[in-house]
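Here the structure is laid out as C-alpha cells; the discussion comes afterwards.
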There are 2 protein chains.
Amino acid sequence: MQTMARAATTSDAFNAVAEPRRREILSLLVVQERPVGEIVAILRLDQPSVSKHLRVLRNVGLVRVRRNGRHKLYRTNPEAIRPMHQWTSTFERYWRHQLHRVKERAEAMETANPESNLKL
Amino acid sequence: MQTMARAATTSDAFNAVAEPRRREILSLLVVQERPVGEIVAILRLDQPSVSKHLRVLRNVGLVRVRRNGRHKLYRTNPEAIRPMHQWTSTFERYWRHQLHRVKERAEAMETANPESNLKL
DNA sequence: TTGACATATTCCCATATAGGAATGTAATGT
DNA sequence: ACATTACATTCCTATATGGGAATATGTCAA
C-alpha cells in the first residue's frame, strides 16, 4: 500500500457502511442472526455479492459468525456501530441550535405579522 | 454512469464522511465558520486538497459557504448529519442489550466464584 | 491595469473497489 | 465414495477516487 486512492472499505466502520447494501444487511442481522441464504433471499442479491459484503463487514467487526452445520449464521455486532453514533452525536447540539433559531424566527414573524403564514 | 465500482463520494453523507479528512473538516467547521486558508493551516493539508474535500462536502449539503471579500467562509451544516445519527440510533437498543448481558454474566460469575476475577 | 492574495479546477496516475461469471471449498446425508 | 447443499473465493473490468503538481479563476487595492 503506497498511495491509496480511497481508503479501503475495510479500514473502518465508516467506510464499510458507506455502501447501502451493507447497511441493509446490518439492519437485517441486528434483529436476529441468519444464514447467508436468507440474506440472499430477503434482500434479492446474488449470493457471491452477499458473501463479499459479509466479508467486509466481518473485517471491521460489524458482524460475527458462528457455524451451524452447513450454515453460517451471521449477526450484527451493534457495539461496532457505537463509534459512528458517538461521532454524529457531537453535532447534535449544533443542529438543535439550528432548529431553535428557525423556530424563534418563525415565532418572531408570527408576532410581527400574523398573516404572513397565509401568504405564498 | 453505467456501472459504478463504488458509490460516488457525493452520493450521500455516508459516502462523504467515509474520508477521515472530511470528518476533521466537519468537526472544525461546526464550531465556527472559517476561510479555506485557515482550514489548510490548522489541518496541515494542501490547499487544493482542502478545496476538493470542501467541494464534496458541499455537494452533499454537509457544508455551506458565503463570500466575504476575497475569502470564502465555510461552515458545517449539522442538519445534514442527522440522517446518519438516526440510522446509527436504530442500533442503540441492541448494544444496550449486549452491555446488559455482559454485565449480568460478570455479576453471575462474581456470585458463583468471587475469586475468578483474580485468575488469569 | 497591474499585482498580490485566496480559492478552484485540471491533468495525471496508482489504487480499491462492486458486479458478473465461474469455480473452489466445506459439511451433510445416503 | 458420491451427490447435494451452502458459502467463499477468484478472475475480469469499468469506475471514481485522492494526492501531487500545475494552472485557472476571482477579488481587491493602488
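Here is the naming used below: chain letters follow the sequence lines, and residue numbers restart at 1 for every chain. Being a predicted model, the structure only gives us computed values, none of them experimental.
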Q: Measure from the side chain of B:P35, starting at C-beta and using heavy atoms only, and say which of C:dT7, C:dA27, C:dA18 lies closest.
A: C:dT7

(Q) Expressed as a whole number of angstroms, how long is the span from B:R67:CZ to D:dT27:P? (A) 4 Å

Q: Taking only the side-chain nitrogens and oxygens of A:Y74, find out if one of them lies under 4.0 Å from OP1 or OP2 of D:dA6.
A: no

Q | A:K72 side-chain N/O to D:dA8 phosphate OP1/OP2 under 4.0 Å | A | yes

Q.
For a quick test of reading the model: is some side-chain N or O of A:R55 closer than 4.0 Å to OP1 or OP2 of D:dT9?
A. yes

Q) Should A:R66 and A:E33 count as an ion pair when the cut-off is N to O under 4.0 Å? A) yes

Q) Relative to the 5' end of DNA chain D, which residue comes earlier, A:S49 or B:G69, by the nucleotide with the nearest heavy atom? A) A:S49

Q | Of A:A8 and A:P48, the one whose closest DNA chain C nucleotide lies more 5' | A | A:A8

Q.
Side-chain N or O of B:T9 versus OP1/OP2 of D:dT17: is the shortest distance under 4.0 Å?
A. yes

(Q) Whether the side chain of B:R67 engages the backbone of B:G69 through a donor-acceptor N/O pair (distance < 3.5 Å, no angle test) should be reported. (A) yes

Q) Pick from A:E92, A:H100, A:Q98: which one makes a side chain to side chain donor-acceptor pair (under 3.5 Å) with A:R96? A) A:E92

Q. How many Å lie between CZ on A:R21 and P on C:dT17, as a whole number?
A. 17 Å

Q. Within the structure, does a side-chain N or O atom of A:H53 lie under 4.0 Å from either OP1 or OP2 of C:dA18?
A. no

Q. Mapping A:N68 and A:R22 to their closest nucleotides on DNA chain C, which lands nearer the 5' end?
A. A:R22

Q.
Can you identify which nucleotide, out of C:dT17, C:dG19, C:dG20, has its nearest atom closest to the A:D46 side chain?
A. C:dG20

Q) Are B:F14 and A:F14 close enough, and set up right, to give a side-chain contact (heavy atoms from CB on, under 4.5 Å), and what steps lead you there? A) CA-CA 8 Å; B:F14 283 95; A:F14 283 96; over 6 Å; no

Q: State which of D:dA6, C:dT15, D:dC7 makes the closest approach to the side chain of A:A5.
A: C:dT15

Q.
Below the 4.0 Å mark, does D:dT27 have OP1 or OP2 next to a side-chain nitrogen or oxygen of B:H71?
A. no

Q) Okay, side chain of A:D12, backbone of A:N15: is any donor-acceptor separation there less than 3.5 Å? A) yes

Q: Would you please confirm or rule out a distance under 4.0 Å between OP1 or OP2 of D:dC7 and any side-chain N or O of A:S51?
A: no

Q. B:Q47 or B:K52: which one's nearest nucleotide on DNA chain D is closer to the 5' end?
A. B:K52

